[in-house]
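A quick write-up on the structure given underneath.
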2 protein chains.
Amino acid sequence: MLQISISTVSRALKDHPDIAVQTKIKVKELAELMEYEPNSFAVQLRTNASKLIGVIVPEISGHFYHSYIAGLEEEARSWGYSLMILQSNNHPESELENLRLCRFNRAAGVLIAISSQTSDLTAFYRTIDSGTPVVFFDKVPDVKGVPKVCIADAEAAYLAADLIIKKHKKNVLAIFGEKSLSITRKRLKAFLGTFQRNGPEIKLQIAHAVNSDEAGKNAWSALTGPDKPDTIFSMSDEILVGVIKAANKLKLSIPTDISMISISNGMIPSLFEPEITYIETSGSLLGKKSFDVLHRCLLGKPPQGEVMIGARIIEGGSI
Amino acid sequence: MLQISISTVSRALKDHPDIAVQTKIKVKELAELMEYEPNSFAVQLRTNASKLIGVIVPEISGHFYHSYIAGLEEEARSWGYSLMILQSNNHPESELENLRLCRFNRAAGVLIAISSQTSDLTAFYRTIDSGTPVVFFDKVPDVKGVPKVCIADAEAAYLAADLIIKKHKKNVLAIFGEKSLSITRKRLKAFLGTFQRNGPEIKLQIAHAVNSDEAGKNAWSALTGPDKPDTIFSMSDEILVGVIKAANKLKLSIPTDISMISISNGMIPSLFEPEITYIETSGSLLGKKSFDVLHRCLLGKPPQGEVMIGARIIEGGSI
DNA sequence: TAATTTGTTGCAAAGGTTTGCGAAAATGTT
DNA sequence: AACATTTTCGCAAACCTTTGCAACAAATTA
């Protein structure tokens, strides 16, 4: 229509310096008028690059991952990227299948929280080698040399322990998750270490619970036993819920009868009255940060190794 | 490598009947060996079709939408589709921007929950006309002739009201959301109607709350007032949380001092002790169903108009 | 044997964009 | 006026796959 070649149009549309200003203007005006939109299939074929990021999470449900996704989406969007969400349900095979899907859809990069059973990382290395950066987040493998971004688990546990000590508690029940999980080990170690250093006189009972119900039972038996704790620390939301249910059943009021503190993303602690004091491990911050790390990879900048998301105390009224 | 033309390979890989069996076998074996994967950019360019579905939600956070996304992802995956998640933050402009992104990424179809302020649907019509089916879910526009899938709001409110009546409650405080929302109007109407028909003698107080805090204040003033209700109905999770906090502050125990019932996706009610009885409006079911509806559109089947997701009672111990 | 049918395969175009390189036109320099 | 330089633009190849059509060989039929 403008008696102009396709290449001129292409260059005009993206402000190539070779093109005269008035040509650019004419082209852009007409493009606007015609509601021209470049065919992304063709663009992607030609440039061999997409603006899609694959995100593999164990589960989309779960307060933590969805706030992660929300934060990630916001950040990714601002850079023109879209998200392809995949859930692995904690099955290593699903993870591989999802990774295949990322390759098939030619994702620009992949963000993944691996399941606890995942040990074979060759598929991920192959993806990285083929030019698609992979960034691990939250549940990260125990190897060097891959970009990871995760919560400062040790710091969070330290802050919780420190706060308990500062509040002059005397008898603490601390409930952690599955022993085998690396997150549990890290938090437990920092927690115990802090008490040994700063409060060796405080009585400490440690329990492990695989789910909410079990945490409730642990709390129940401690609270009805001979050596009733004055404070219960919960490593996660799931545990916290079980603990609070137990306290409610026993008609104990918080914090007069029993103090509570937990590590959480923040949603759950705010549901109760009084709100539960917790150490915040922000999912949305993790999302934003992990996009940044991936983005650096995409731009070819040197990798950053392991990045930590800090933790901070959010005071409720439960301790 | 096989002394065979590209077209033969292409056909062999997809079991075209024209190709000899032994050729197919040889091709497939070599393809496997070389880890050949078709370049989806080229496929998409050629076929002009993607396997990506755009999903536009007001917010990814929020218990309802994330269970929706989880259900949707599961169903979509089983049909080979992936999800592109976009959040509109309840801004009509963001919605349009997201719709543009769907077009740009050449999504096969779009699922959208429109914000309450969205009134101009021309952009959606244009997308539909251009060949990309659009299915509305949850928050749907008030027009005919577009595919929609939503929660049976009236049924849910009816079930709640009916249960309250059957339990012989005498004085009910019902807290609803913003008056202007269509979801509020539908639920309120069905709720009131049920009481008029089946329990006209029951005392009914209606309140509207725009957030959790306000719901808490409503509950507080009713519970401390002269005409203390024996039951509180909450239209949503957000309201329920405020109400329970108020009850906790007043040291009222559930259900002896005050009965509770709500409409919910199920996550929140299970956090309390006793668990709250609620009418389930399943997000994940809505997700699965809305994929089905979109899928039918993609296959060119006749549209189904409005599809409803049923509601059912989940008994906790709160009433 | 010639004609027809069936079974296999290849040619070439198409899909829309990007980009290196060369060509033409406009401008500047002696 | 002749040449060099800069500005502006178009040609054509490339990205990889899909698919209608034609071609060829083999098998069948008349």
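Order of the sequence lines sets the chain letters (A, B, ...), proteins ahead of strands, with each chain counted from 1.
Leu13(B) has its side chain within reach of Lys28(B): a pair of non-hydrogen atoms, C-beta onward, lies under 4.5 Å apart. Taking 4.5 Å as the limit, some side-chain heavy atom of Ile114(B) sits within range of a side-chain heavy atom of Glu95(B). Taking 4.5 Å as the limit, some side-chain heavy atom of His295(A) sits within range of a side-chain heavy atom of Tyr81(A).
Contacts between residues 15-25 of chain B and DNA chain D, counted as heavy-atom distances below 4.0 Å, involve no residue at all.
Side chains of Ser5(B) and Thr8(B): a donor-acceptor N/O pair is present below 3.5 angstrom, by distance only. Side-chain atoms of Glu73(B) and Gln87(A) form a donor-acceptor pair, as typed in the model, at a separation below 3.5 Å.
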Name every donor-acceptor pair, under 3.5 Å, that has one atom in a side chain of residues 143-150 of chain B and the other anywhere in the protein, sequence neighbours excluded.
| residue | atom | partner | partner atom | Å |
| --- | --- | --- | --- | --- |
| Lys148(B) | NZ | Pro141(B) | O | 3.1 |
| Lys148(B) | NZ | Val143(B) | O | 3.0 |

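The number of heavy-atom neighbours closer than 6.0 Å to CG of Asp129(B), taken from other residues, nucleotides and ligands shown, is above 12. Dense packing is recorded around NZ of Lys288(A), with more than 12 heavy atoms of other residues, nucleotides or ligands lying under 6.0 Å away.
For the pair Ile6(B) and Thr47(A), both in contact range of DNA chain C, the more 5′-proximal nearest nucleotide belongs to Ile6(B).
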Please list, pair by pair, any protein nitrogen or oxygen found under 3.5 Å from a nitrogen or oxygen in nucleotides 11-16 of chain C.
| residue | atom | partner | partner atom | Å |
| --- | --- | --- | --- | --- |
| dC11(C) | N4 | Ser7(B) | OG | 3.0 |

